[in-house]
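First comes the structure, then the notes that go with it.
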Amino acid sequence: MSKDNLCDPMDDSTPGFPVLHSLPERRIEPWEFEFSFDPRKFCKEACLLYEIQWGNSRDVWRHSGKNTTKHVECNFIEKIASERYFCPAISCSIFWYLSWSPCWECSKAIREFLNQHPNVTLVIYVARLFQHMDPQNRQGLKDLFHSGVTIQVMRAPEYDHCWRNFVNYPRGKEAHWPRYPPLWINLYALELYCIISGLPPCLQISRRYQNQLIVFRLILQNCHYQMIPPYILLATGMIQLPMTWR
């Protein structure tokens, strides 16, 4: 067996868990975080912030990644599967904070990775939905969800967490994470609900004035009103449901 497939020596203070002391933690700059994770804007390059936790250990390894010739999700899978510290026999919890949701090809790669490593659990938070009108991308996210992956749109607690743990913020600015208006967050959350529920798209996004202006529109059908809980629709602040008086 190749040494690359072996776990690192075990730490006496935490029996049974790989030593992670040699793994670096890179913090991104504030402008990188705001540029990549602002739900109101479209950046071309995807950014991934991730955390890895082994078993019941309290130690967390944090790092970041971006697209290369491959999407950042595939880069992560190839990297973690080839690292010496990766022990498939030990339970592993992975948290992703993605600027864009995975495309259908990355969703497929994620499912294959998790099928090969049943002790790995994955939670994904996304700032935006990548080409959400594409049927293959929608099916890919739906399949991910039904395979046991938790997928949610990033909200205030996640932005706060990422700012404090992944960003090289100025001294004394640990609580100064960007407060994005909830409208865009709620619109993406609504569309993600439609994707997971197998409903047709209700969110249309268009670009105008040489891509300088991004316009969000809700186009709801009867099936949306029938299948989506009212509190999710009302959270967008863009519709009013009929009231029944008794």
Could you check I77 against I110 for side chain to side chain contact (heavy atoms under 4.5 Å, CB included), going step by step and ending with a plain yes or no?
CA-CA 8 Å; I77 291 172; I110 294 168; 4.0 Å; yes
Kindly indicate whether the side chain of C223, heavy atoms from C-beta on, has any atom under 4.5 Å from the side chain of P200.
yes
Indicate yes or no: does R138 engage D134 in a salt bridge with an N to O separation below 4.0 Å.
no
Taking all non-hydrogen atoms of both residues into account, name the closest pair between P39 and Y188 and its distance.
O-CE1, 3.6 Å
Minimum heavy-atom separation for I228 and C194, please, with both atom names.
CD1-SG, 3.7 Å
Assign the ring pair H63 / W61 to parallel, tilted or perpendicular, where the plane angle (0 to 90°) is split at 30° and 60°.
parallel
Under a 3.5 Å threshold, yes or no: a donor from one side chain and an acceptor from the other, between E51 and H161?
yes
Looking at T236 and L183, what are the two nearest heavy atoms and their distance?
O-CD1, 3.1 Å
So, do V120 and F113 sit near enough that their side-chain heavy atoms are less than 4.5 Å apart?
yes
Does NZ in K108 sit with more than 12 non-hydrogen atoms of other residues, nucleotides or ligands closer than 6.0 Å?
no
As an exercise, state the distance from CG of N186 to CD of E191, rounded to the nearest 0.5 Å.
13.5 Å
Distance-only side-chain donor-acceptor flag, Q226 / N222, under 3.5 Å:
no
Could you walk me through whether E73 and L48 pass side chain to side chain contact (heavy atoms under 4.5 Å, CB included), step by step?
CA-CA 8 Å; E73 299 93 331; L48 168 63; 5.7 Å; no
Drop me the distance from I94's CD1 to H117's NE2, to the nearest 0.5 angstrom.
9.5 Å
Quick check on the 6.0 Å ring-centre criterion: do F166 and F33 meet it?
no
Examine distances only and state if a side-chain atom of S101 and a backbone atom of F130 form a donor-acceptor pair shorter than 3.5 Å.
yes
R217 CZ: over 12 foreign heavy atoms closer than 6.0 Å:
no
Of the non-hydrogen atoms in I205 and I214, which two are nearest, and what is the gap between them?
CG2-CG2, 3.6 Å
Would you say Q139's side chain and Q136's backbone share a donor-acceptor pair under 3.5 angstrom?
no
Judged by atom type as modelled, is there a donor-acceptor pair below 3.5 Å linking the side chain of S99 to the main-chain atoms of C47?
yes
Assess whether side chain to side chain contact (heavy atoms under 4.5 Å, CB included) is satisfied between V72 and L98, documenting all intermediate values.
CA-CA 9 Å; V72 67; L98 275 165; 3.9 Å; yes
Less than 4.5 Å apart, any side-chain heavy atom of I219 and any of L203?
no
Is the closest side-chain heavy-atom distance between C92 and I52 below 4.5 Å?
yes
Side-chain contact, heavy-atom cut-off 4.5 Å: L114 with T121?
no
Are L141 and D143 packed together at the side-chain level, in the sense that at least one heavy-atom pair is separated by less than 4.5 angstrom?
no
Looking just at side-chain N and O atoms, do N137 and W104 make a donor-acceptor pair shorter than 3.5 Å?
no
SG (C162) and CE (M154) are apart, to the nearest 0.5 Å, by 4.0 Å
Just wondering, do C202 and Q221 contact through their side chains at under 4.5 Å, heavy atoms?
no
If you count the non-hydrogen atoms of other residues, nucleotides and ligands that lie under 6.0 Å from CZ in F216, is the total more than 12?
yes
Salt bridge check, E32 against R27: does any charged N sit closer than 4.0 Å to a carboxylate O?
no
CG/L190 to CG/L233 distance, rounded to the nearest 0.5 angstrom?
6.0 Å
If hydrophobic clusters are built by linking Ile, Leu, Val, Met, Phe, Trp and Tyr wherever their side-chain heavy atoms come under 4.5 Å apart, do Y225 and Y193 end up in the same one?
yes
Is there side-chain contact between C43 and R128, with at least one heavy-atom pair below 4.5 Å?
yes
Inter-residue atom distance D38.CG - F42.CZ, 0.5 Å rounding
11.0 Å
Does the ring center of Y125 lie less than 6.0 Å from the ring center of F95?
no
Looking at CG of L144 and CD1 of I195, how far apart are the two atoms once the value is rounded to the nearest 0.5 Å?
11.5 Å
Ring centers of F37, W163 separated by less than 6.0 Å:
no
Using the rule that Ile, Leu, Val, Met, Phe, Trp and Tyr join whenever any side-chain heavy atoms are under 4.5 Å apart, tell me whether F35 and W177 fall into a single cluster.
no
Using ring centroids (six-membered ring only for Trp), state whether W96 and F76 fall under 6.0 Å.
yes
Linking I/L/V/M/F/W/Y whenever any side-chain heavy atoms sit under 4.5 Å apart, do I196 and M133 land together?
no
